[in-house]
Every structure is written in structure tokens, then in C-alpha cells.
S.K.: 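There's a structure below that I have some questions on.
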Amino acid sequence: PRTLFPYTTLFRSAPSAYVPPLSQTCLTTPPQANDGILGFTTASALESAKTQTHELKFQRTPLLIPSLAKIVSLAAGNNHILALSSTGQVFAWGTAEQRQLARRVPSRTRIGALTPSRVALPPITLIAAGAYHSFAIADSGTVYAWGANNFGQTGIPSHAGDSDTIIPLPTPIPALGAYAIRAIASGEHHSLACTQEGQVLIWGRSNDHQAGLSLSTLPLSTLPDSTSTSTSTSTLILDSRARPPILAPTLIPDLSSVE
């Protein structure tokens, strides 16, 4: 019905990670955060907390997100969402405990994290989200990452492997500086990137064959410290407790010409 979908709304078949350019943005699934509905006004979340009405935490029918316009793509993690506008601005909302929103949200005002807020970044051409971390590729080609980094899934070596490690703000990934990255995909503890030439890099947790290569052939190093600027693309990292190995951004040698 037109009460739910404005006349300007377009519907197309597309992969779930891609949203066609829309003049107005609607979500067509009932997303929920711990505190209420993702991306909508916080009124229902506040009412839910006040009345203990669990149903108010869900949006069962498509609803326009009034604060977003000219959105060309969305990327979703386990409990956060990124949106990219036609002007290269990035917006984030959802749960912020692992800083996947690139902002600190005090616990007393955590419901405010459900409303889309702009991320401080230069003009961006592509966004991607892992379970609890986020990526953005700038017009310049620089790849930024932020969020959970307990298995080095952001590709940033600083304290990767520590259980509570986070990258609080968008930070360039040094090891990807030598590549022209055109696409990124990510799981909970590992991430991948595809270059313009069709090469594929992988990083993060690697003890369950996520890497698609033999770890025994890779050089082993200790965990870099917070001042490390290493751009190594072939390093297997173990922390002081020898927990599951962490892979720095590494080319998968038998994979090429990927489109």
C-alpha cells in the first residue's frame, strides 16, 4: 500500500548486501537492537523500556527512515548498520559496544545509538560490515576500518589478539595501502578484500581454514605493539598466550582474476 511505500520507491531483485539507488530509503525486514528498532525514531524503544512491551522493539512492516535520503547502499553486521549516500557520506546506527558505529555511546543514552548518525570520514565510495566491525573505502582508495579487533579482523595490527581490543575510530589499514581495493567482505572474525586486478587478500582468525591456504608455509611473528606500522602481507601472528593464529592481510596465491 502507498501508506508504506511512496510512489518514488523502486523495487528490484538484488543481492541482500546491495540496495539500489533510492530517493527514499525503506527497510523491508523487521530489524531489532537490544534496545529497540534499528534506524527509526527512538519513541518506540523508549516506550518499550517504560512499559516492558517487547513487541515495540520490532518493526513488522516497512517504514521510511526519515533521517536518511539519497542512500545508494547498505551494509549490515550482527547488530549494526551502515548506509552510504550518493554524496559519499556514511551513517551508522545500532549497537555500539565494540565501537562499530565509530562513536562512543554512554550507557545512559544508549537508545540514541539506534538513530543514524554520520561517521567522520572523507568522501566514501564503498562500505562493508563484519559482525562487529566496519569498513569504508575512500575516493582516494584508502581503506578505513573500525570496531572489534580481537582477532585482527579489521586488518589493523594494534593489539590484535587481545580479547577486548577495539579500533574506536576509522583508521587506515596500512597493509592494504599498496593495493587498489574494489570490494570487501567480512565475517565475524575474518575479512577479505578483492583488488582491481582480481587478487584476493584475507586476514583475521585463521585456525578453521578461513584463509584457504597452508598456514605452515607462512612466517610467524609475535604480536605487533600499538606503534607498529608494518605493512607485511604474509605474517601469521601469535599473541603471548599462543591463542589461535591471526593472519595479517595476506594474498591468497592460487586465487586470481576474481570478478
S.K.: Can you tell me how far the OG atom of Ser85 sits from the CG atom of Leu68, to the nearest 0.5 Å?
M.R.: 9.0 Å

S.K.: Taking side-chain hydrogen bond (donor to acceptor under 3.5 Å, both in side chains) as the definition, give me every residue that meets it alongside Thr171, ordered by chain and number, with sequence neighbours left out.
M.R.: none

S.K.: Residues two or more places apart in sequence or in another chain: which of them pass side-chain contact (heavy atoms from CB on, under 4.5 Å) with Ser186?
M.R.: His133, Phe135, Ser191

S.K.: So, using side-chain hydrogen bond (donor to acceptor under 3.5 Å, both in side chains) as the criterion, who are the partners of Gln98 when residues are at least two apart?
M.R.: Gln100

S.K.: Would you check if Pro122 and Asp139 make a side-chain contact, meaning some heavy-atom pair closer than 4.5 Å?
M.R.: no

S.K.: Going through the checks in order, is the side chain to side chain contact (heavy atoms under 4.5 Å, CB included) test met by Asn149 and Ile166?
M.R.: CA-CA 5 Å; Asn149 199 40; Ile166 58 171; 6.0 Å; no

S.K.: Name the residue from Ile173, Leu192, Ile137, Leu201 that meets the side-chain contact (heavy atoms from CB on, under 4.5 Å) definition with Ile184.
M.R.: Ile137

S.K.: Hey, mind stepping through Phe91 and Ile65 against side chain to side chain contact (heavy atoms under 4.5 Å, CB included) and telling me if it holds?
M.R.: CA-CA 12 Å; Phe91 300 85; Ile65 301 178; over 6 Å; no

S.K.: The criterion is side-chain contact (heavy atoms from CB on, under 4.5 Å); which residues satisfy it with Asp164, sequence neighbours excluded?
M.R.: none

S.K.: Between Trp203 and Ala248, what is the shortest heavy-atom contact and its length?
M.R.: CB-C, 3.7 Å

S.K.: For Pro168, give me all partners under side-chain contact (heavy atoms from CB on, under 4.5 Å), at least two apart in sequence or on another chain.
M.R.: Arg99

S.K.: Which is it for Ile81 and Trp93 under the side chain to side chain contact (heavy atoms under 4.5 Å, CB included) test, yes or no, and what are the steps along the way?
M.R.: CA-CA 6 Å; Ile81 302 177; Trp93 65 98; 3.6 Å; yes

S.K.: Heavy atoms, side chains only, cut-off 4.5 Å: are His189 and Asn150 in contact?
M.R.: yes

S.K.: Excluding sequence neighbours, so at least two apart, what forms side-chain hydrogen bond (donor to acceptor under 3.5 Å, both in side chains) with Gln196?
M.R.: none

S.K.: Could you tell me which residues satisfy side-chain contact (heavy atoms from CB on, under 4.5 Å) with Pro172, sequence neighbours excluded, listed by chain and number?
M.R.: Thr142, Tyr144

S.K.: May I ask you to test the Tyr132-Asn79 pair for a side-chain heavy-atom distance under 4.5 Å?
M.R.: yes

S.K.: With sequence neighbours excluded, give me every side-chain hydrogen bond (donor to acceptor under 3.5 Å, both in side chains) pair touching residues 116-127.
M.R.: none

S.K.: Grab the two heavy atoms, one from Trp146 and one from Leu82, that are nearest each other, plus how far apart they are.
M.R.: CZ2-CD2, 4.3 Å

S.K.: Is there a side-chain contact between Lys70 and Thr87 (heavy atoms, below 4.5 Å)?
M.R.: no

S.K.: Between His80 and Gly130, which heavy-atom pair has the shortest distance, and what is it?
M.R.: CE1-O, 3.5 Å

